[in-house]
Amino acid sequence: TETWDMATPYPDFEFHTRNIRQFAQDVSDLSGKKLEIKVHSGQSLIRHPEIKNAIRGRQIPVGEFLMARLANEHPIYELDALPFFASSYSEALALWEAQRDFVQQHLGKQGLRVLFAVPWPPQGLFTKQEVTEVDQLKGLRFRTYNTVTERMARQIGMVPTQTEATEMATAFITGRIDAMMTSPSGGAKNKAWDWSTHFYHVQAWLPKNLIVVNQRVFDGLDKDVQEAVMQAAAKAEKRGWEMSEIDTKEGVDLLVQGGMKGITPSAELVKGFKEVGKTLTDEWLQNAGEEGKAVVDAYEKKLTGNGAQ
Amino acid sequence: MAPNKPQVPGWEGNAPFLRRFLDGLYLQSGRLAAVFLVAICLIVSVQVLGNALDRLLLLTTGQQLGIVIPGYADIAGLFLSASTFLALAYTLTSGELIRVRLLLARLPVRWQIPVELWCSGVATLIMGATTWYTLALVMESKEYGDTLPGMVAIPLFIPQSAMLIGLSILTIAFADAFCAVCQGKPAHYDRPAADKLGNLQSN
Amino acid sequence: MIDVFLSLGLLILLLALLASGLWIALSIAGVGFITILMTSGAPPGQVLASTFWGASYSWELAALPLFIWMGEILMRSRLSDDLFAGLAPWLNRVPGRLLHINVLGCGLFSAVSGSSAATAATVGKIALPELRKRGYDEDVAIGTLAGAGTLGLLIPPSIILIVYGIASGQSVIHLFMAGILPGIMVAGIFMGYVMIWALLNPSKMPPREASMPFFQKVHQSRRLFPLLLLIGAVIGSIYLGLASPTDAAAVGVALSLLMAYSSRTLTWASFVEGALAATRTSCMIAILLLGSAFLTVAMGFAGIPSDLARWIGDMNLSPHILILALTLFFIVVGCFLDGISIVVLTTSIILPMVEQAGIDLIWFGIYVVIVVEMSSITPPVGFNLFVIQGLTRHDMFRVAKASLPFFGGLVLAVFLLTAFPEIATYLPQKLSN
Ligand code: NA
Ligand code: NA
């Protein structure tokens, strides 16, 4: 029996981690216990920023990380964090289908093999006031944490305020920020009704977690074990997307129960956001060159193709 | 004390060039580390001042500028890393890297040199290995073009080089101590810090 | 199952390396290296380098050197002298007198600092020299400091409560609220101990200062004003939303420099000296943090703490016995790992059993903070001990001995918290309603 240590960034109650524990169980079952995966959740083995490179350097054979963290390495990784570009589960799926080969190609250069990807619930808007159109966001202090959220804030006329994820709730209470975007369940977990009043399920973007294995370690497995891993990965991807949708629904329900107002955004607000998204996408395309255009084309083809079915 | 004759304990009269060079290296890297510490304070203070100014503008004019130093938190973190590693040798030679002296102090005199050799020798080995693996880390980051996530796309090998330099100087400092103990001289970390500082400044 | 011989072997190795006089950070890292070599296929050298790198640049850590620098500036200015002169007349009739300054200072400073080591280092830098100058008992002075430093984690903001909140999915705001009353309780226990000690050992107390009339006391207190203003401004910068808790440390340094300058105690030489001293102290602590981070990774690979926790879980204990068993577990593991590492390494096994036993997770968060606070004053790996050894040059084991009564105080706090869970749950429940 071979044992793999697997590092993941998120705590045990998150559906991502539950999905990965099931994946580890599936690998064990499908391989006839020839490969066991020991899951170290919540950054308990390797901290999030170091996970990708730890897999590359074979400190650990397999791990999970947020794909958009690699945005500075290549624009292709940033697509699923681009606001209002692919903003529903069907669009997100089409994007992943279009994106997957490109992502694999780039990570392949680092000796990494993509096993599967699972999206976070779509990001919603949390504020302390009613918002019916984008212009009402002008002048609000908005939580930013990467280049694209910063650009979005500027585009709308909000004041970008860099805030760590750990400080979200306290920053809201002390007034350091007045608006931010996160998943419905993320807001519910932090009891958003304690520090904000309105939630708009605008589905801004669905960032994905990538589960990646070191190619050389993978190649060292017996053929049947390799097959078991790929089979378990395919199952985990399918299951993960379903769990993500359920998590979205549960999160929104909890926010409603908690007394949050808003929920369904006005058509005007959605239209305004889509315009902002269009500008950001055009900017992105200028940065991403030929390859970026190829991915976006593939995505649009998938979208119309899926729609025709 | 004659101003032109630096007194290094264990050396009669003028310390040789290498001795003065190494002591200077430790002190200067320590000063550079302090500069990074000051820089952390500066960059964060400017951002907070910006926040305060924005708040004031909002209260008076209803408008804000949105003053933001992009990635100031990331940059402060990198400065912290540089400060920590560059200060290592300086902190060691000032006698401030802590160790348990409970048994050491009770040892008979003839045992003290072998024990000190063991400590500085093992430390040289450990830090030497750490430096070696850090070199590998830096080369890997460079080869793959790793960058920092977040708002500033700094290539990782740049801040990691500060780590490499700091660890290298620390390794040299431990080796230096080992050689000194071999020659029956006191290791630099056992020299009183104030005395040493005074000497260097009188140079 | 737990490899008892391996664990014991590693423990003996660590103690032997420490006793031989090898630098503490290197001893810890060395044991981590050997742990990985013996228990895992991972390459220890690469893990070492990338862990050192990864742990060295975190933003939350940036507050530590800044607060230490703030302490250096205040110590070199007249402000620390003012603090003592201003408080002395008021505490003159309280048993223990100025010994309470460590507890009061740490309690107040905890409202700014989220870490235990930064609290102990900053307050210690200011208070210890003054206490020594006035002839107070050294052991009680360092013991109170080591003990009261732990308040930094309990009174919000608190790094460890944030980490626990993420791991358990509990609201950080509720956890922060829950920490306030227990924080005051722990401070009260510590002050109570100091009073009892002072009453039992009158010979070890310095002679009482002449008492002064009330109005003179008030007049004397004007010297407290600049320092109170400073602390108020730093706390205010957080609560007015101008600064995050880490930003606030820089605000503290900037304002301290300003005050030292305006009181004409800041010279270029004292500025440089202060910055260099802060650089050294924070480097000393940071390298220990790096070594400890590496040992934590090694323990993750070896699975020793999680196996031990699983073993407790398999016993299916009733809630109160479970808490007792976990307390012993946290104390043992806390000897070798720092508080945050313990939470990160063990929550995924402990939280399910705690939930199953029907224990409230907010309450458990506060409980965990108090028990892992103990880890910062237990040798051989205890960060408050390291900080105070760095400040005073007294050996870590002497500091540990001096902190023992305060370790007892924390045990008492856990007992009270278990007997009266409302101490933690009252405020957050109030918030919910
Ligand atoms: Na605190
Ligand atoms: Na400890």
Max heavy-atom pair count under 4.5 Å with chain C, selected residue of A:Gly57, A:Pro61, A:Gly175: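 Most heavy-atom pairs under 4.5 Å with chain C: A:Gly57.
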Do [X] and [Y] come close enough that some side-chain heavy atom pair is under 4.5 Å?
X: C:Ser171; Y: A:Lys189; value: no
X: C:Val172; Y: A:Thr166; value: no
X: A:Thr174; Y: C:Leu240; value: no
X: A:Thr170; Y: C:Phe176; value: yes

Atom group of [X] that falls short of 4.5 Å from chain A, counting heavy atoms:
X: C:Ala243; result: backbone
X: C:Ser168; result: backbone
X: C:Phe301; result: both

Test A:Asp12 against C:Leu351 for side-chain contact (heavy atoms from CB on, under 4.5 Å), laying out the working first. CA-CA 9 Å; A:Asp12 286 271; C:Leu351 284 180; over 6 Å; no
Distance check, rounded to the nearest 0.5 Å: [X] atom [atom1] versus [Y] atom [atom2]?
X: C:Gln170; Y: A:Lys191; atom1: CD; atom2: NZ; result: 6.0 Å
X: A:Asn53; Y: C:Ser50; atom1: CG; atom2: OG; result: 8.0 Å
X: A:Lys38; Y: C:Ser306; atom1: NZ; atom2: OG; result: 5.5 Å

Return the minimal non-hydrogen interatomic distance between [X] and [Y], and the atom names on each side.
X: A:Pro49; Y: C:Tyr57; value: CB-OH, 3.5 Å
X: C:His174; Y: A:Asp194; value: NE2-OD2, 2.6 Å
X: C:Ala167; Y: A:Pro11; value: O-CB, 3.6 Å

Whether the side chain of A:Arg47 engages the backbone of C:Ala55 through a donor-acceptor N/O pair (distance < 3.5 Å, no angle test) should be reported.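 Such a contact is absent between A:Arg47 side chain and C:Ala55 backbone.
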If you count the non-hydrogen atoms of other residues, nucleotides and ligands that lie under 6.0 Å from CD in A:Gln129, is the total more than 12? yes
Can you confirm whether more than 12 heavy atoms, excluding those of C:Tyr426, are under 6.0 Å from its OH atom?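 Open: at most 12 neighbouring heavy atoms sit under 6.0 Å from OH of C:Tyr426.
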Partner chain A: residue of C:Ile238, C:Thr296, C:Ile162, C:Ile173 with the largest heavy-atom pair count (under 4.5 Å):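 The candidate making the most pairs under 4.5 Å is C:Ile173.
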Selection from C:Thr51, C:Thr246, C:Ile166 maximising heavy-atom pairs under 4.5 Å formed with chain A: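 Highest number of heavy-atom pairs under 4.5 Å: C:Ile166.
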Is it the side chain or the backbone of [X] that comes within 4.5 Å of chain C heavy atoms, both, or neither?
X: A:Glu167; result: side chain
X: A:Ile177; result: neither
X: A:Arg58; result: backbone
X: A:Ala169; result: both

Tell me which one of A:Glu164, A:Arg176, A:Gln162 satisfies side chain to side chain contact (heavy atoms under 4.5 Å, CB included) with C:Ser244.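 Testing C:Ser244 for a side chain to side chain contact (heavy atoms under 4.5 Å, CB included) against A:Glu164, A:Arg176, A:Gln162 leaves exactly one candidate, A:Arg176.
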